[in-house]
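Here's the structure, in structure tokens; my notes come after.
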Amino acid sequence: MSLLLALALTASAVYAWRRYNTRRGPSASAGASAAARTRQLRTPLVRLATALGIDTRAEREARNWEEGARGERRAAARLQPLTDAGWWIRYDLALPPGEGSANVDGLAISPAGKPFVLDPKVMHPRFPVTVHAGRVWHGNLDVTRRITSAGKEAAAVSRALGVPVVAIVAIEGARLLGPHKRPATELALGPVRIVPAHRLPAVLQAQAHVPGQRHAEALVATAERVLPPYLGR
């Protein structure tokens, strides 16, 4: 018992230090807030329970956040060629005051000044993603709220920037099926575009020369001023 207590106290000290370092300054890396949430959920007691073979709700939730962080980092790696080509892309941004506590996973502004809110999602490949009767389904699971959240974030960013913003959800893992259960390269729910994660760079590149309503430099300057890095919960 004394050994377990010592291990728990040591883990608690390490956890407190890591959490302090996580919250002490901003981070603009992809998946940063999801990774921070993973660490918050894995408290010393949760880690101890996992080490003893006890599966907890917090650990299951932590694994979901951890996979989400990996998915966001993979999405960022896919978009690196666009950054090299002159796109402005930032990750884990906070919404302006009064627009809610959610974070924007990714914001991309093309060289022509067209902005996009990017929302990577990792979904199990066993089940397809479909749109039916105004709802989005992952197999038999209704995931509409996970998709419409991107539209709400895009609307908030649009108000902050003063220009229209396109919301794109990039699905990794699950395939997209359109009408009659045929493979699809893109789905839509209202203003939100849903694409396979591997197609996201091509979808954005196709818009590279579509002019926005403001010059890219001015739009970037506004974005950097009104959309600071997300500091977490």
Side-chain angles (χ1 to χ4, degrees), residues 30-31 33-34 64-65 67-83 87 89-93 95 99-100 102-110 112 114-159 161 163-213:
S33 63
N64 289 336
W65 282 98
E67 183 56 36
R70 292 195 190 105
E72 291 176 28
R73 288 193 290 267
R74 287 191 292 266
R78 293 188 188 98
L79 296 178
Q80 185 58 46
L82 272 69
T83 301
W87 284 67
I89 305 178
R90 295 293 184 271
Y91 303 98
D92 258 327
L93 301 176
L95 293 174
E99 293 287 3
N103 69 307
V104 177
D105 286 339
L107 176 63
I109 298 177
S110 73
K114 194 168 181 64
F116 302 83
V117 159
L118 311 176
D119 193 357
K121 301 289 186 189
V122 179
M123 298 188 180
H124 198 286
R126 181 178 178 182
F127 305 105
V129 173
T130 58
V131 177
H132 177 69
R135 311 293 295 179
V136 182
W137 302 87
H138 181 214
N140 293 323
L141 181 65
D142 188 339
V143 294
T144 304
R145 291 181 62 183
R146 295 186 65 189
I147 305 302
T148 56
S149 62
K152 294 176 181 177
E153 291 162 14
V157 173
S158 176
R159 288 189 289 271
L161 299 182
V163 296
V165 176
V166 179
I168 303 180
V169 174
I171 304 293
E172 180 179 341
R175 65 193 186 281
L176 307 188
L177 294 183
H180 310 296
K181 304 300 182 182
R182 294 177 179 173
T185 57
E186 183 170 335
L187 301 173
L189 182 68
V192 180
R193 300 175 65 179
I194 308 168
V195 303
H198 70 273
R199 289 201 65 245
L200 181 58
V203 169
L204 290 174
Q205 190 59 48
Q207 301 289 317
H209 302 294
V210 177
Q213 294 187 3

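The first residue of the sequence shown is numbered 1, and numbering continues consecutively from there. Values in this document were obtained by computation on a predicted structure and should not be read as measured data.
- The nearest pair of heavy atoms linking D119 to S149 is OD2-OG, 4.0 Å.
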CA sep, side-chain torsions, deciding dist, call: V203, R193, side chain to side chain contact (heavy atoms under 4.5 Å, CB included): CA-CA 10 Å; V203 169; R193 300 175 65 179; 3.5 Å; yes

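- No side-chain heavy atom of N103 sits under 4.5 Å from any side-chain heavy atom of L93.
- Looking at R78, its side chain never comes within 3.5 Å of a backbone N or O of P201 through a donor-acceptor pair.
- Using a 4.5 Å heavy-atom cutoff, the side chains of F116 and I89 are not in contact.
- In terms of heavy atoms, I147 sits closest to M123 at CD1-CE, 4.4 Å.
- Checked for salt-bridge contact, E99 and R159 meet the test: a charged N lies under 4.0 Å from a carboxylate O.
- Remark: the backbone N or O of R126 is paired with a side-chain donor or acceptor of H124 at under 3.5 angstrom.
- Between A154 and A167, the shortest heavy-atom distance links the atoms CB-CB, 3.7 Å.
- Minimum interatomic distance between P115 and L161 (heavy atoms only, all atoms of both residues): CB-CD1, 4.4 Å.
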Side chain to side chain contact (heavy atoms under 4.5 Å, CB included) between V195 and I171, worked out: CA-CA 6 Å; V195 303; I171 304 293; over 6 Å; no

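- If you take CH2 on W137 and OG1 on T144, they are separated by 6.5 Å, rounding to the nearest 0.5 Å.
- Taking every heavy atom of both residues into account, A112 and V210 meet most closely at CB-O, 3.5 Å.
- At a threshold of 4.5 Å between non-hydrogen side-chain atoms, the residues K121 and R146 count as touching.
- If you run side-chain contact (heavy atoms from CB on, under 4.5 Å) between L118 and each of V166, L200, V169, only L200 comes through.
- Ring orientation note: the planes of H138 and F127 are nearly perpendicular, at an angle over 60° on the 30°/60° scale.
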Step-by-step side chain to side chain contact (heavy atoms under 4.5 Å, CB included) determination, L204 to L82: CA-CA 9 Å; L204 290 174; L82 272 69; 3.6 Å; yes

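- Note that CG of L95 is 12.5 Å distant from NZ of K152, once rounded to the nearest 0.5 Å.
- Here the closest non-hydrogen pair linking L187 and V129 is CD1-O, 3.6 Å.
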Verdict with reasoning, R199 to T185, per side chain to side chain contact (heavy atoms under 4.5 Å, CB included): CA-CA 8 Å; R199 289 201 65 245; T185 57; 3.9 Å; yes

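- Remark: the backbone N or O of L177 is not paired with any side-chain donor or acceptor of T130 at under 3.5 angstrom.
- With T148 as the fixed residue, the side-chain contact (heavy atoms from CB on, under 4.5 Å) test singles out one of L189, V136, V192: L189.
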